[in-house]
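This report refers to the structure that appears directly beneath it.
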Amino acid sequence: MIATKPDEMGDWRRTHYSLEIVSKMEGKKATVFGWVSSVREQGGIVFLIINDKKGTVQITVHKDKAPKLVLEKLKYLREHSSIGVRGMVKSMNKAPHGAEIVPEEIRVLSTALRQPPFSLFGGRIPSIDKRLDIRAIDMRRPKAQAIFKMRHAVLTAIREFLISRDYMEVSTPKIIATATEGGAALFPLLYYDKEAFLAQSPQLYKEQLIMPFEKVFEIGPIFRAEESRTVRHLSEVVSVDVEEAFVSYEDVMKLIEQLIRHLVQALYEKCKEEMKLLERRLTTPSSTFECITYDDALKILDKEGLTVNWGEDLSTQALKALGGVMPKFYFIKDWPTSIKPFYIKPRDDKQDICEAFDFMYGSIELASGGSRVSSKRLLMRRLKEQGLKPKLFEYHLRTFDYGMPPHAGFGLGLDRLMMVLTGQENIREVAMFPRDQFRLTP
RNA sequence: GCCUCGGUGGUGUAGCCCGGUCUAGCAUAGGACGCUGUCACCGUUCUGACCCGGGUUCAAAUCCCGGCCGAGGCGCCA
């Protein structure tokens, strides 16, 4: 294909989106813009499919009737060229949506110079790695479109849900000073002349924010420098964090149940087509999710022939076994205090168990949360027990001198949730520009 | 980080174990031609590939070594 000088858009502006070209418009003029997704020549008749944000529309050119200039332009068209078409709408039951455009003029705004490493329709798609190299084009595939439309719908629905229940959306710093919050590895960076880190969680900030605002949430990125080479880890993910005063972990678990139900319902309302395309059938979860304790989990695993010593975290293998028994949404609560972070509240009656929960879907951990420690003295003790230095948390601990109420919250991994809701096995499919140990571009 | 597996046209793959039959097969994409209702159109035809470097051998896509790149599992993941 020889590159030609593109046409100017000039004073053309879109009058209709593809899906607005319907048989009722018969005889009316329309200008559409979009990308060529297929050119089919059938003797003296040429069918173009143009797709735009909303869908596709067929352009039909009869070689014997079309203006010469239109026929000229056809030569330069191929998949992915971006074009504008102005013409008459014709009702036609043989056309994909019952109508088509018979062009009077075509403006080829940009021709596709190279073959993309995949086809928009059908065929086997290349590995995620190859597609990521040209991700913006890859996301034009109908399935990728469906995934990200669903992601958008979920984000919208999360905000709707939380805002309608009086939670305030907040933003906390992503550049932080201390790397001493605990185990997960942080990305260091140069902050003027000092060392700083990218935040791995808004945890401490959101806890502080319940003092002025009581019920807060944040949807934002978190960064983890773990060398995790799996299909469910990224170095940068979006976390949905919620924190609330005067509640316990049981209340927060109920909130998650309602939130998830709301999200599934929202998807059925707004994303029917997308879910159909992805062949994702979600049953609306019942109003109460199954809830087992850590001890129950150990018993179930024992029955499955897997021994986990009390106090040990659940390995990947253990989670997979558990996921086999419990394939849907469920909670695991009442974890050993020693394997949960310092800010999780130990039970009053049994100090070695804490009011923590993990929210699961099969073997995948979607969220974790719990009741928080609100006593400064206890928090300092817990810090020390976990080998952390209270001094480095001075700015945080200070808040606890001024009437820190009981509070609870959770952090939900949006990307993992989207894996579940869209039925993807690789987390990279649900992130537009995923970051992992080996990928920093695009 | 550890372990395992892989790298063949633009893309997806066959061939590799058991070296010669490979002038590398198929599908799709791309070019040309034909076709007036296609819709992943169809038909004919053409173009296009063995990751890089070294070694073994009469002979390497195939076996060996090193490199680069990738995939999966495990570990890590307050």
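The structure presented is a predicted model; accordingly, all values stated were derived computationally and were not measured.
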Using a 4.0 Å heavy-atom cut-off across all strands, classify A/K340 as base, sugar-phosphate, or nothing.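 Result for A/K340 = sugar-phosphate.
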Identify whether any heavy atom of A/Q58 sits under 4.0 Å from a base atom; if not, whether one sits that close to sugar-phosphate; answer base, sugar-phosphate or nothing.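 A/Q58: base contact, heavy atoms under 4.0 Å.
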Applying side-chain contact (heavy atoms from CB on, under 4.5 Å), can you list everything that pairs with [X], at least two apart in sequence or on another chain?
{"X": "A/D133", "answer": "A/R439"}
{"X": "A/M211", "answer": "A/T399, A/Y402, A/M404, A/P405"}
{"X": "A/E20", "answer": "A/H16, A/Y17"}

Helical stems, RNA chain B - three or more consecutive Watson-Crick or G-U wobble pairs below 3.5 Å: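 Runs of three or more consecutive pairs: B:1-7 with B:68-74, B:10-13 with B:25-28, B:30-34 with B:42-46, B:51-55 with B:63-67.
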Can you list, by residue number, the residues of [range] that have a non-hydrogen atom closer than 4.0 angstrom to RNA chain B?
{"range": "residues 421-438 of chain A", "result": "A/N426, A/Q437"}
{"range": "residues 229-236 of chain A", "result": "A/R229, A/T230, A/V231, A/R232, A/H233"}
{"range": "residues 307-320 of chain A", "result": "A/S315, A/T316, A/K320"}

Taking only residues at least two apart or on different chains, which pairs with a member in residues 406-442 of chain A satisfy ring-ring contact (aromatic ring centres under 6.0 Å, His included)?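 Passing the test, one end in residues 406-442 of chain A: no pairs.
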Give me each pair satisfying ring-ring contact (aromatic ring centres under 6.0 Å, His included) with a member in residues 360-383 of chain A, each pair once, sequence neighbours excluded.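 Qualifying pairs, neighbours excluded: A/F329-A/Y361.
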From B/G75, B/C35, B/G37, pick the nucleotide closest to the side chain of A/E227?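 For A/E227, the side-chain atoms sit closest to B/G75.
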Salt bridge (charged side-chain N to carboxylate O under 4.0 Å, His left out) contacts touching residues 406-415 of chain A (sequence neighbours left out):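 Sorted result for residues 406-415 of chain A: A/R151-A/D415.
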Taking every non-hydrogen atom, the tightest pair across A/L379 and A/Y343: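 Taking every non-hydrogen atom into account, CD1-CA, 3.9 Å.
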Which pair of non-hydrogen atoms, one from A/M139 and one from A/Q145, has the smallest distance, and what is that distance?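 The answer is O-NE2, 3.0 Å.
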Is it possible for you to check whether A/K333 lies under 6.0 Å from the centre of the six-membered ring of A/F357, through NZ or CZ, and within 45° of that ring's axis?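 No - A/K333 does not lie over the ring of A/F357 by the 6.0 Å and 45° rule.
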Check: A/E79 side chain, B/G30 base, donor-acceptor under 3.5 Å: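 No such pair is found, so the answer is no.
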Pairs involving residues 320-332 of chain A, ordered by first then second residue, that meet side chain to side chain donor-acceptor pair (under 3.5 Å) (sequence neighbours left out):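 Sorted pair list comes back empty.
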Is the side chain of A/Q58 donor-acceptor paired with the backbone N or O of A/I101 at a distance under 3.5 Å, no angle test?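 Here the side-chain-to-backbone pair does not exist.
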Between the protein and nucleotides 12-15 of chain B, are there any N/O to N/O pairs under 3.5 Å, and if so, what are the atom names and distances?
| from | atom 1 | to | atom 2 | distance (Å) |
| --- | --- | --- | --- | --- |
| B/G12 | OP2 | A/K130 | NZ | 3.4 |
| B/G12 | O2' | A/R124 | NE | 3.4 |

Of A/S228 and A/K63, the one whose closest RNA chain B nucleotide lies more 5':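 Looking at RNA chain B, the more 5' nearest nucleotide goes with A/K63.
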Between B/U11 (C1') and A/D129 (CG): distance, integer Å: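 Distance, rounded to whole Å: 14 Å.
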